[in-house]
Amino acid sequence: MDARTKETIRYLGYGRHAVDDHTLKLVESCFEELSQAACGRIVYRIFELEFPESGRILLGNLDIHSKNLYKNLTGCKKAVLLGATLGPKVDLLLRKYSIGDMARVVTLQACAAAMLEEYLDEWQTALEADMKKDGYYIRPRFSPGYGDFDITHQDMILRMLDTAKKIGLTLTGGNMLTPSKSVTAVIGLSETETSCHIKGCEACQKKDCAYRRS
């Protein structure tokens with residue numbers, strides 16, 4: 001079982017339970033459809049960081065009050081602000097099956113989430129190599145909605161990155177990203193290397209880590 005299939009199974013809530021062959025075949029089929037529909041796009045900018053007081057971060061036009069993000073970024077001088085999406089055709093694919101095949105919709109949702117994470121992990125690996133050339137090490141991705149990092153910051157993030165024009169990523173009135181399989185995130189840049197795994201807190205058993213999201 002490859003990494004993204006394992007991630008999909010996790011999203012589907014199987015935990016440690018055995019996965020039946022029917023589900024595995026459904027996952028494989030969904031990934032085949034998504035590979036035709038998905039078009040990963042990403043935009044990012046690097047900003048200087050300021051920490052005027054404990055629990056507060058200034059990042060470009062963002063004035064963020066978040067103890068969790070503050071903890072994640074402590075020791076960083078800069079941060080990458082990013083927006084990424086798998087594109088609108090994934091949403092069209094989900095709507096296609098939403099009337100008569102909810103089992104496939106649920107599986108497509110999980111597969112698309114795993115595909116987006118895989119896309120970001122690969123991009124982040126390349127970013128890490130580039131940043132090392134300049135003497136910086138990266139922290140795990142930290143998105144609005146994690147811990148006490150308020151999701152309402154999405155609007156300013158999209159404005160700062162001009163995502164609507166550059167990658168077609170916009171926001172609904174309820175602060176939800178559209179296309180739905182999209183994400184915004186902050187990645188800290190530090191001159192000190194940490195042992196944080198690229199997969200972040202979900203894949204890490206170190207509960208007392210200083211950079212843990214929650």
Side-chain angles (χ1 to χ4, degrees), residues 1-42 68 72 82-128 138-147 149 151 154 167-169 172 174-185 187 195-209 211-214:
M1 191 183 297
D2 59 28
R4 69 177 183 178
T5 299
K6 288 181 180 178
E7 189 74 352
T8 299
I9 296 304
R10 184 177 74 84
Y11 285 133
L12 289 172
Y14 275 83
R16 300 189 180 189
H17 298 290
V19 185
D20 57 274
D21 289 340
H22 173 75
T23 299
L24 289 174
K25 288 179 181 178
L26 181 57
V27 168
E28 182 181 1
S29 174
C30 286
F31 273 126
E32 287 176 359
E33 276 201 282
L34 284 168
S35 67
Q36 301 299 316
C39 180
R41 301 184 70 190
I42 194 165
N68 297 133
N72 177 276
L82 70 91
T85 182
L86 292 184
K89 289 185 179 180
V90 172
D91 285 355
L92 292 175
L93 187 61
L94 291 168
R95 284 197 288 270
K96 173 184 173 182
Y97 291 106
S98 63
I99 296 175
D101 195 346
M102 285 309 298
R104 191 170 188 84
V105 170
V106 171
T107 307
L108 279 167
Q109 289 273 13
C111 288
M115 183 177 280
L116 180 58
E117 286 297 305
E118 181 181 57
Y119 171 60
L120 284 164
D121 287 348
E122 291 174 353
W123 176 84
Q124 191 168 321
T125 297
L127 173 73
E128 183 176 26
I138 65 174
R139 297 280 173 84
R141 295 188 299 273
F142 202 108
S143 293
Y146 288 174
F149 185 12
I151 199 169
Q154 302 256 54
I167 61 172
L169 177 57
T172 69
N175 290 307
M176 301 300 292
L177 297 171
T178 182
S180 63
K181 293 307 172 187
S182 304
V183 70
T184 61
I187 300 175
S195 59
C196 293
H197 195 283
I198 192 171
K199 285 287 186 181
C201 302
E202 292 83 1
C204 182
Q205 300 303 312
K206 187 173 173 56
K207 304 300 182 184
D208 60 345
C209 176
Y211 307 108
R212 195 167 185 86
R213 290 198 288 259
S214 60

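We use all heavy atoms of the structure for the numbers below, so side chains are in, but hydrogens, waters and symmetry mates are not. Since the structure is predicted, the reported quantities are computational estimates derived from the model, not experimental observations.
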Apply the test side-chain contact (heavy atoms from CB on, under 4.5 Å) to residues K181 and Q109: give CA-CA distance (whole Å), side-chain angles for both, the deciding distance (0.1 Å), then the verdict.
CA-CA 8 Å; K181 293 307 172 187; Q109 289 273 13; 2.7 Å; yes
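Without hydrogens or angle criteria, S29 side chain to L26 main chain gives no donor-acceptor distance under 3.5 Å. The backbone N or O of R4 lies less than 3.5 Å from a partner atom in the side chain of T8, making a donor-acceptor pair. Side-chain atoms of T184 do not come within 3.5 Å of backbone N or O of G83 as any donor-acceptor pair. Side-chain N or O atoms of R139 include one that pairs as donor or acceptor with a backbone N or O of N72 at under 3.5 Å. Checking side-chain atoms of T172 against main-chain N and O of G174 turns up a donor-acceptor pair under 3.5 Å. When atom types are taken as modelled, the side chain of T107 and the backbone of A103 share a donor-acceptor pair closer than 3.5 angstrom.
Classification of R141 and D121 as a salt-bridged pair holds, one side-chain N sitting under 4.0 Å from a carboxylate O. Classification of E7 and R10 as a salt-bridged pair holds, one side-chain N sitting under 4.0 Å from a carboxylate O.
From C30, atom SG reaches atom NZ of K25 across 14.5 Å, with rounding to the nearest 0.5 Å. One finds the CD atom of E128 at 11.5 Å from the CH2 atom of W123 (value rounded to the nearest 0.5 Å). With values rounded to the nearest 0.5 angstrom, T125 atom OG1 is found 7.0 Å from I138 atom CD1. Taking OG1 of T23 as the reference point, atom CD1 of I9 lies at 6.5 Å (rounded to 0.5 Å). T5 contributes atom OG1, which lies 3.5 Å from atom CG of D2 (distance to the nearest 0.5 angstrom).
With sequence neighbours excluded, no residue forms a salt bridge (Lys or Arg N to Asp or Glu O under 4.0 Å) with R41. When the side-chain contact (heavy atoms from CB on, under 4.5 Å) test is applied to K96, the partners found at least two apart in sequence or on another chain are E33, L93.
Nearest heavy atom pair, residue A112 against residue V90, reads CB-CG1, 4.2 Å. The two residues A84 and L120 make their nearest non-hydrogen contact at CB-CD2, 3.7 Å. When all heavy atoms are compared, the tightest approach of Q124 to P140 is NE2-CA, 4.4 Å. In terms of heavy atoms, S143 sits closest to A185 at OG-CB, 3.5 Å. Taking both residues in full, the closest heavy atoms of R95 and S98 are given as O-OG, 2.8 Å, listed atom of the first, atom of the second, then distance. Nearest heavy-atom pair, N68 versus G147, reported as atom, atom and distance to 0.1 Å: OD1-CA, 3.2 Å.
Residue pairs that meet the salt bridge (Lys or Arg N to Asp or Glu O under 4.0 Å) test with at least one member in residues 83-92, sequence neighbours left out, do not exist here.
Counting heavy atoms from C-beta outward, C39 and L86 have side chains that stay 4.5 Å or more apart. Residues L108 and Y97 form a side-chain contact, since some pair of their non-hydrogen atoms from C-beta on lies under 4.5 Å apart. L82 is listed as a side-chain neighbour of I187, based on a closest heavy-atom distance under 4.5 Å. The shortest distance between side-chain heavy atoms of Y119 and V183 does not fall below 4.5 Å. Between Y11 and E117, the closest side-chain pair of non-hydrogen atoms falls below 4.5 Å.
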